[in-house]
Structures are given as C-alpha cells and as structure tokens.
Amino acid sequence: MLAAVALIPHGRLATYGQIAELIGAYGCARQVGWALRRLPLPSPVPWHRVVNARGRISMSPSREGSDWMQRQLLLAEGIPVSGDGQLPLRRYLWVPRVLPACAMGADD
DNA sequence: AAAATGACTATAT
DNA sequence: TATATAGCCATTT
C-alpha cells in the first residue's frame, strides 16, 4: 500500500482509486485514504502526491490542516496548485506503465 | 454481530 | 459546469 504510494514518480500525481487498483484492491479508494490518514506527518512516503479523482486535495476537518501542507509539498514538487487545492491532474497524473511507451511522455 | 464512519468514485439532477 | 445521491469496502464502536 504505502509501497505503491512510495513508487509515485517525483512531480507526478496519483488518485486514491489508482493506488487501490495498483495494490490489487479496485474500489478500495477509501481504504487508501484511511491508510494515509493514520500516516504520521513526517512520513517516509510521498503521500502528498495522492489526490482524489477530481485532481483536488481531499481536505477534511480530520486532517487539521495537513491538507494545506500537502499543497505546499506539491508546489515544491513543481506542480501548480490552486488556492482551493485544485491541480492540473490531467497533466501530472502518473501512469503506472500502461500500454507501450506511446503515452507521449505521459509516464515516468 | 450490526451499525456508523470516511484523505473516495461514479451517476443523476 | 456544479451540487446531490448512491455505491464501496475496511476499520471502529
């Protein structure tokens, strides 16, 4: 699980469902979020590269404010994030080795 | 064991 | 294009 998140390339994004699918748990997007929630702030995994399917940072009162921290981290990665946590998922979405390298540089 | 909850996602308005 | 509603599935009470 965290391993899947850990292998997200630098400067690239991935959705919860994507991670879930990657670990062989399709439809378990919520569990991914659950796992990241219990993750400590100084975590060794790039949890900030994980966003929801709408390409936005999933904010919640449970996160106290770590969501905004995520925004900062993403900005540090070189990903432009709007004040609302909206980011160009279409451009930065990580493609875990889809078909051939015909993805026009859309992969890592 | 049943019911409630949540860093989600996909449809329907 | 943007809210509202309904599925989903593991964890928690």
Side-chain angles (χ1 to χ4, degrees):
Chain A
M1 164 61 221
L2 296 179
V5 180
L7 53 82
I8 300 175
H10 173 90
R12 206 52 70 75
L13 301 175
T15 68
Y16 293 92
Q18 206 173 353
I19 298 300
E21 203 172 0
L22 191 65
I23 65 178
Y26 177 78
C28 298
R30 309 200 74 137
Q31 280 59 267
V32 177
W34 174 85
L36 294 182
R37 173 179 54 173
R38 69 199 292 269
L39 212 57
L41 270 307
S43 58
V45 303
W47 55 271
H48 52 272
R49 294 177 190 154
V50 185
V51 296
N52 59 21
R54 292 187 182 129
R56 308 189 55 159
I57 300 175
S58 294
M59 304 190 205
S60 181
S62 307
R63 299 185 62 183
E64 289 292 316
S66 63
D67 38 36
W68 295 104
M69 185 185 89
Q70 175 172 14
R71 189 170 77 88
Q72 295 302 114
L73 288 167
L74 289 172
L75 287 171
E77 296 274 314
I79 302 173
V81 187
S82 305
D84 297 326
Q86 176 66 66
L87 36 84
L89 183 65
R90 300 291 294 266
R91 277 183 71 103
Y92 291 85
L93 182 58
W94 171 49
V95 184
R97 121 194 47 221
V98 234
L99 288 176
C102 297
M104 298 191 300
D107 54 324
D108 51 12

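Computation of the quantities below employed the complete heavy-atom set of this structure, encompassing side-chain atoms and omitting hydrogens, waters and symmetry-equivalent molecules.
- At whole-Å resolution of the value, OH in A/Tyr16 and P in C/dC8 are 21 Å apart.
- Heavy-atom distances under 4.0 Å link DNA chain B to A/Trp47, A/Asn52, A/Ala53, A/Arg54, A/Ser58 of residues 46-59 of chain A, given in residue order.
- Proximity of A/Trp68 to A/Arg63: side-chain heavy atoms (C-beta onward) are nowhere separated by under 4.5 Å.
- Straight-line distance from the CD atom of A/Gln86 to the P atom of B/dA7: 19 Å, rounded to whole Å.
- Rounded to a whole Å, the CG atom of A/Leu41 is 15 Å from the P atom of B/dA7.
- If you take CG of A/Leu87 and P of B/dA7, they are 18 Å apart, rounded to a whole angstrom.
- Between A/Trp34 atom CH2 and B/dA7 atom P there is a gap of 13 Å when expressed in whole angstrom units.
- Within the 4.5 Å cutoff, the side chain of A/Arg49 has heavy atoms near those of the A/His10 side chain.
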Stepwise side-chain contact (heavy atoms from CB on, under 4.5 Å) test for A/Met1 and A/Val32:
CA-CA 7 Å; A/Met1 164 61 221; A/Val32 177; 3.4 Å; yes
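- Helical stems involving DNA chain C, defined as 3 or more consecutive Watson-Crick or G-U pairs under 3.5 Å, span B:2-6 with C:9-13, B:8-13 with C:2-7.
- To the nearest angstrom, C1' of C/dC9 lies 13 Å from OH of A/Tyr26.
- Among the protein residues, A/Thr15 comes within range of the sugar-phosphate backbone only, with heavy atoms under 4.0 Å from sugar or phosphate atoms but none that close to a base.
- The listed nucleotides are B/dG6, B/dA7, C/dT12; the one nearest the side chain of A/Gln31 is B/dG6.
- Along DNA chain C, the nucleotide nearest to A/Gly27 and the one nearest to A/Arg37 differ in position, and the one closer to the 5' end is contacted by A/Gly27.
- A/Gln70 places a side-chain N or O within donor-acceptor distance of the main-chain N or O of A/His48, the cut-off being under 3.5 Å.
- In this structure, A/Leu36 places its CG atom 15 Å from C1' of C/dT11, rounding to the nearest Å.
- Taking atom CZ of A/Arg63 as the reference point, atom C1' of B/dG6 lies 13 Å away to the nearest angstrom.
- Between the side chain of A/Arg30 and the base of C/dA10 there is no donor-acceptor pair of N/O atoms closer than 3.5 Å.
- Proximity note for A/Cys28 (side chain, C-beta onward) versus C/dC9, C/dT11, B/dT9: the nearest is C/dC9.
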